[in-house]
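Index from 1, following the sequence.
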Amino acid sequence: MTDSRERPDGPKAEADAVVLDAKGLRALAHPVRVQLVGLLRKYGPSTATRLAERLGVNSGTASYHLRQLGAAGFVQEDTERGNARERWWRSVHQRTWFNDPNLTDREPEAALAYLQSVAATYSLRTQQTLNELQTMPRAWRDNFDMSNWVLLLTPEETAALNQELRDVIARYRSDTPEAAASAPEGAERVGVITHVLPELDAPTASADPSGPQKATGTETS
């Protein structure tokens, strides 16, 4: 999973998860770093050159940001693969939790930069899936979904909704090496991205009597 805002009581808190503190938040407050961590988590160890090709940046830029991530403890050298000419990197964690409201208050600029980077990464992932949709096996294409459910909730009800969603996700198999060993044939990596977006600029009473909307394959508004 690319970095997300989750609570430890949500999807299982594996031992290889990291909870962001001020130092970690500042280190990740850059879109290239968020993407680098995401690529290493998804594809495994790699070099700055290969990562740079995936991101469309030069290898010097990738190397610089990998060193910064290394200093912050998010990545480390993979000495088993590296040699005198090629430096390999691996992710230290597979999950990132950003769950301290006070941290957002203390580091507002870093928090905003981090969350904007995460949002951009999610948008990119969605676009990549759309680009591959026509060539995707029918069984997977039929289960692709983008939906927008418009609800009228209090903050307390929204918190309950968040917890219920986390509880549902927690019932399913996480993408970990341990789970892969016992996964059934045909199991593939599936990204489940949830957005709970307060729309405080909207009228308190909806003019549309149709209620919650759902669209499969097309985003509604």
Looking at [X] and [Y], what are the two nearest heavy atoms and their distance?
X      : Y      : result
Met136 : Arg141 : O-NH1, 2.7 Å
Ala72  : Ala27  : CB-CB, 3.5 Å
Val34  : Leu28  : CG2-O, 3.3 Å
His93  : Gly73  : CE1-O, 3.2 Å
Ala62  : Leu36  : O-CD1, 4.0 Å

Would you give the length of the straight line joining atom [atom1] of [X] to atom [atom2] of [Y], rounded to the nearest 0.5 angstrom?
X      : Y      : atom1 : atom2 : answer
Thr96  : Phe74  : OG1   : CZ    : 6.0 Å
Asp175 : Gln94  : CG    : CD    : 8.0 Å
Leu165 : Leu161 : CG    : CG    : 4.5 Å
Trp89  : Thr47  : CH2   : OG1   : 11.5 Å
Arg95  : Ser174 : CZ    : OG    : 5.0 Å

I want to check something: taking the side chain as every heavy atom from C-beta on, are [X] and [Y] in contact at a cut-off of under 4.5 Å?
X      : Y      : result
Leu40  : Ser46  : yes
Arg189 : Lys42  : yes
Val190 : Trp140 : yes
Asp100 : Arg106 : yes
Thr176 : Asp16  : no

> Could you give all pairs that pass the side chain to side chain donor-acceptor pair (under 3.5 Å) test and reach residues 59-71, with sequence neighbours left out?
Replying inline: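 Those involving residues 59-71 are Arg33-His65, Asn58-Thr61.
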
>> With side chain to side chain donor-acceptor pair (under 3.5 Å) as the rule and sequence neighbours excluded, what pairs involving residues 48-57 come up?
In response: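 For residues 48-57: none.
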
>> Checking the side chain of His30 only, and the main-chain atoms of Val32 only, is there a donor and an acceptor separated by less than 3.5 Å?
In response: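 Yes.
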
> What residues join Val196 in its hydrophobic cluster, counting side-chain heavy atom gaps under 4.5 Å, either direct or through other members?
Replying inline: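 The other cluster members (ILVMFWY side chains, heavy atoms under 4.5 Å, direct or chained): none.
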
Is there a path of hydrophobic side-chain contacts, each under 4.5 Å between heavy atoms, that joins [X] and [Y]?
X      : Y      : value
Tyr122 : Leu124 : no
Val168 : Leu153 : no
Trp88  : Val92  : no
Tyr114 : Leu112 : no

Side-chain polar contacts of residues 17-24 - donor-acceptor pairs under 3.5 angstrom, sequence neighbours left out - could you list them?
from, atom 1, to, atom 2, distance (Å)
Asp21, OD1, Lys23, N, 3.3
Asp21, OD1, Gly24, N, 2.8

>> Once side chain to side chain contact (heavy atoms under 4.5 Å, CB included) is applied, do any residues pair with Thr154, and if so which ones, sequence neighbours excluded?
In response: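 Side chain to side chain contact (heavy atoms under 4.5 Å, CB included) check on Thr154 returns Glu156, Glu157.
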
> Can we say Asp142 and Arg138 salt-bridge, meaning some charged N sits less than 4.0 Å from an Asp/Glu carboxylate O?
Replying inline: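 Between Arg138 and Asp142 there is a salt bridge, with a charged N closer than 4.0 Å to a carboxylate O.
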
Side chains of residues 127-134: which donor-acceptor partners sit under 3.5 Å, not counting sequence neighbours?
from, atom 1, to, atom 2, distance (Å)
Gln127, NE2, Asn131, OD1, 3.2
Thr129, OG1, Arg125, O, 3.2
Asn131, ND2, Gln127, O, 3.3

